[in-house]
*Asks:* 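Sharing a structure with you now.
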Amino acid sequence: MKGIVFTELMDLVEETQSPAFLQEAIDDADLPSGGAYTSVGTYPVCEMGALVQALSQKMTVPVPDLMKIFGKHLFGRFAQIYPQFFEESSDAFSFLASIEDHIHKEVLKLYPDAELPTFEVTTHTEDTFIMIYNSSRHLGDVCEGLMIGCLAYFGEDASISRKVLEDDAVSRIEFTIVKD
Ligand code: HEM
């Protein structure tokens, strides 16, 4: 997992809690890297799991809820850091439809060792969007948070539901987004 994901998570905790709170969570998580990440480095995804688990215990907020909050925040940060990816889409569904063939492809040019999920869009109408998430990193909650952030960015109200298609070595989740 690219360091940018870790540094954004730590910035969010520092801002919403405090630097001391973050340090305690890093100590609790007993991370092999000691919590010293650079945005271009690459680190094991299990460190993110351990850090979020430690945060969850300290904050008494369930891990999936924290992952979603983080995903939503991360989308807002992506919009600030990579404005060029936002030039071609004028609504949330077309933005989401462009991740697989455009956005994550550009991400791979920036970070050739990025480990990205794959997506299949099966329905894309005016009010309904269905997309299947595939990844061995099991970050469906971060994915849902990113979708929530995307809808918020475009100012659209919609409900997201999910169906687990596979939860083994690979996680396959079908997300259905219906406009309110
Ligand atoms: C401008 C928008 C976006 C940018 C720049 C971006 C970039 C990235 C980057 C840098 C990573 C980390 C890769 C690694 O750690 O090796 C990542 C992972 C990921 N992205 Fe995107 N992304 C964007 C939008 C989205 C959206 C809207 C979704 C949800 C539909 C999404 C789903 C994911 C997921 C779930 C991961 C975690 C890796 C995994 O599950 O396998 N991304 N993305």
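In listed order, ligands and their atoms are each counted from 1.
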*Asks:* Examine the side chains of Ser171 and Asn134 and answer whether a donor and an acceptor come within less than 3.5 Å of each other.
*Replies:*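 No.
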*Asks:* Looking only at protein heavy atoms, which one is nearest to atom 12 (C) of ligand 1, and what is the separation?
*Replies:*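 Heavy-atom neighbour on the protein nearest atom 12 (C) of ligand 1: Val5 CG2, 3.7 Å.
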*Asks:* Considering non-hydrogen atoms of the protein only, which is the closest contact for atom 19 (C) of ligand 1, and what is the distance?
*Replies:*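 Ranking protein heavy atoms by distance from atom 19 (C) of ligand 1, first comes Pro117 CD, 3.9 Å.
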*Asks:* What part of Arg137 sits under 4.0 Å from ligand 1 if we count only heavy atoms: the side chain, the backbone, both or neither?
*Replies:*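 It is the side chain that touches ligand 1; the backbone stays farther off.
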*Asks:* Under 6.0 Å from the ring centre and within 45 degrees of the ring axis: does the NZ or CZ of Lys2 meet both conditions for the six-membered ring of Tyr37?
*Replies:*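 Geometry flag: not set, cation outside 6.0 Å or 45°.
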*Asks:* Would you mind running through ligand 1 and noting each atom that sits below 4.0 Å from a heavy atom of Phe85?
*Replies:*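 Under 4.0 Å from Phe85, ligand 1 has these atoms: 1 (C), 5 (C).
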*Asks:* Mark the output for Tyr133 as yes if a heavy-atom distance to ligand 1 is under 4.0 Å, and as no if none is.
*Replies:*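 Tyr133 counts as a contact of ligand 1 under the 4.0 Å cut-off.
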*Asks:* Looking only at protein heavy atoms, which one is nearest to atom 37 (C) of ligand 1, and how far off is it?
*Replies:*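 For atom 37 (C) of ligand 1, the nearest protein heavy atom comes out as Leu139 CD1, 3.7 Å.
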*Asks:* Does an N or O from Tyr82, backbone or side chain, lie closer than 3.5 Å to an N or O of ligand 1?
*Replies:*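 By distance alone, the answer is no.
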*Asks:* Judging by distance only, is a nitrogen or oxygen of Ser135 under 3.5 angstrom from one on ligand 1?
*Replies:*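 Indeed, backbone or side chain, Ser135 has an N or O that close.
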*Asks:* How far is atom 4 (C) of ligand 1 from the closest protein heavy atom, and which atom is that?
*Replies:*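 For atom 4 (C) of ligand 1, the nearest protein heavy atom comes out as Phe78 CD1, 3.4 Å.
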*Asks:* Taking 4.0 Å as the limit for heavy-atom contacts, which would you say applies to Ile99 with ligand 1: side chain only, backbone only, both, or neither?
*Replies:*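 Under 4.0 Å from ligand 1, Ile99 contributes side-chain atoms alone.
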*Asks:* Report yes or no: does Leu116 have a heavy atom closer than 4.0 Å to ligand 1?
*Replies:*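 Leu116 counts as a contact of ligand 1 under the 4.0 Å cut-off.
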*Asks:* What residues form a side-chain hydrogen bond (donor to acceptor under 3.5 Å, both in side chains) with Asp28, not counting sequence neighbours?
*Replies:*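 Counting only residues at least two positions away or on another chain, Asp28 forms no side-chain hydrogen bond (donor to acceptor under 3.5 Å, both in side chains).
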*Asks:* Where is the nearest protein heavy atom to atom 31 (C) of ligand 1: which residue, which atom, and how far?
*Replies:*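 Protein heavy atom at minimum distance: Leu146 CD1, 3.3 Å.
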*Asks:* Look at atom 43 (N) of ligand 1 and say which protein heavy atom is nearest, naming residue and atom and giving the distance to 0.1 Å.
*Replies:*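 So the nearest neighbour among protein heavy atoms is His104 NE2, 3.1 Å.
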*Asks:* Does the residue His138 have a heavy-atom contact with ligand 1, meaning some pair of atoms that are separated by less than 4.0 Å?
*Replies:*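 Not so, His138 does not reach ligand 1.
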*Asks:* Which residue and atom name correspond to the protein heavy atom nearest atom 10 (C) of ligand 1, and how close is it?
*Replies:*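 Here the closest protein heavy atom is Val107 CG1, 3.7 Å.
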*Asks:* Within the side chain of His102, is there an N or O that forms a donor-acceptor pair under 3.5 Å with the backbone of Glu88?
*Replies:*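 The answer is no, because no donor-acceptor pair under 3.5 Å joins these two groups.
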*Asks:* Of all the heavy-atom pairs spanning Lys68 and Asp141, show the shortest one and how long it is.
*Replies:*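 Smallest heavy-atom distance, with atoms named: CG-O, 3.4 Å.
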*Asks:* With backbone taken as N, CA, C and O and side chain as the heavy atoms from C-beta onward, which portion of Thr42 lies under 4.0 Å from ligand 1: side chain, backbone, both, or neither?
*Replies:*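 The answer is neither.
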*Asks:* Under 30°, 30 to 60°, or over 60°: which ring-plane class applies to Tyr153 and Phe75, parallel, tilted or perpendicular?
*Replies:*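 Answer is perpendicular, since the angle exceeds 60°.
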*Asks:* Hey, what's the ring geometry for Phe119 with Tyr133, parallel, tilted or perpendicular (30° and 60° as the breaks)?
*Replies:*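 Plane angle between 30° and 60°, so tilted.
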